[in-house]
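To keep things clear, I will list the structure first and then write my remarks on it.
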Amino acid sequence: MSAGPNREQLRAKHAYDVVRRAHGGEEWSRYEGLVMGLPVVILRCGLVGAVAWLARNNAAGKLLMHDLSAWVPGLGGNASELLGRVCGLEVAPYMVATREALKVAGWLKRAAQAMPKKQEQAHA
């Protein structure tokens, strides 16, 4: 039995850390919208389509690309080069990266949903 956190716990921690960092920033509203839509875009368009969708969404998309590439195996490195790296993956690593991105995207969405809304912040 392992004493350390499992992969799901590590994914969740990563997601909550990066979403907490983005929360309250000037790009939060756009970032939150992208996070909420990311799992569906990955399912409908694949990982390449999802990364292309993020790449066209300016600062919030670039931030989310960075947050995703930091965790998904085979995608690490500069977020501005993420689309090229994803397009260049062989089939098996692409499938692994897609599954991992979907799991991370799910945790990012849960983390965004857990952040307080503006009216909740004003009362806190």
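Atoms considered below: every heavy atom in the structure, side chains included; atoms not considered: hydrogens, waters and symmetry mates.
Across every non-hydrogen atom of Leu47 and Ala101, the tightest pair is CD1-CB, 3.7 Å. The nearest pair of heavy atoms linking Ala60 to Arg30 is CB-CG, 3.5 Å. Listed here is the closest heavy atom pair of Ala50 and Cys45: N-CB, 4.4 Å.
A 4.5 Å side-chain heavy-atom check between Val48 and Tyr94 finds at least one atom pair inside the cut-off. Annotation: side chain of Leu64 is in contact with side chain of Leu108 (closest heavy-atom distance under 4.5 Å). Arg7 is listed as a side-chain neighbour of Glu100, based on a closest heavy-atom distance under 4.5 Å. When side chains are defined from C-beta on, His23 counts as touching Pro116, because their heavy atoms get closer than 4.5 Å. Residues Trp71 and Val18 fail the side-chain proximity criterion, which asks for heavy atoms closer than 4.5 Å. The closest side-chain heavy-atom distance from Glu32 to Gln113 is not below 4.5 Å. Here the side chains of Trp107 and His14 are not in contact, with every heavy-atom distance at 4.5 Å or above.
Grouping the Ile, Leu, Val, Met, Phe, Trp and Tyr side chains by contacts below 4.5 angstrom, directly or via other members, places Val40 apart from Val72. Side-chain heavy atoms closer than 4.5 Å link hydrophobic residues (I, L, V, M, F, W, Y) into clusters, and following such links, even through other members, never connects Val96 to Leu68. Val41 and Met95 fall within a single hydrophobic cluster, where Ile, Leu, Val, Met, Phe, Trp and Tyr are joined by side-chain heavy atoms under 4.5 Å apart, directly or via other members. Leu54 and Met36 fall into different hydrophobic clusters, where Ile, Leu, Val, Met, Phe, Trp and Tyr side chains are chained together by heavy-atom contacts under 4.5 Å.
When the shell of 6.0 Å around NE2 of His66 is examined, it contains 12 or fewer heavy atoms from other residues, nucleotides or ligands. Atom CZ of Arg44 has 12 or fewer neighbouring heavy atoms from other residues, nucleotides or ligands inside a 6.0 Å radius.
To the nearest 0.5 Å, atoms CG (Leu34) and CG (Asp67) are separated by 11.0 Å. Considering CG of Leu102 and CG of Leu38, their distance stands at 8.5 Å, rounded to 0.5 Å. Rounded to the nearest 0.5 angstrom, Trp53 CH2 and Met65 CE are separated by 12.0 Å. Separating the CZ atom in Arg110 from the CZ atom in Arg11 is a distance of 10.5 Å, to the nearest 0.5 Å. Atom OG in Ser69 sits 10.0 Å away from atom CD in Glu81 (nearest 0.5 Å).
With respect to the salt-bridge test (charged N to carboxylate O, under 4.0 angstrom), the residues Glu27 and Lys62 do not qualify. Salt bridge annotation for Lys13-Glu8: absent, with no cationic side-chain nitrogen under 4.0 angstrom from a carboxylate oxygen.
Partners of Gln9 by side-chain contact (heavy atoms from CB on, under 4.5 Å), not counting sequence neighbours, listed by chain and number: Pro5, Asn6.
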Stepwise, does the side-chain contact (heavy atoms from CB on, under 4.5 Å) test hold for Val51 with Arg85?
CA-CA 10 Å; Val51 172; Arg85 282 194 308 278; over 6 Å; no
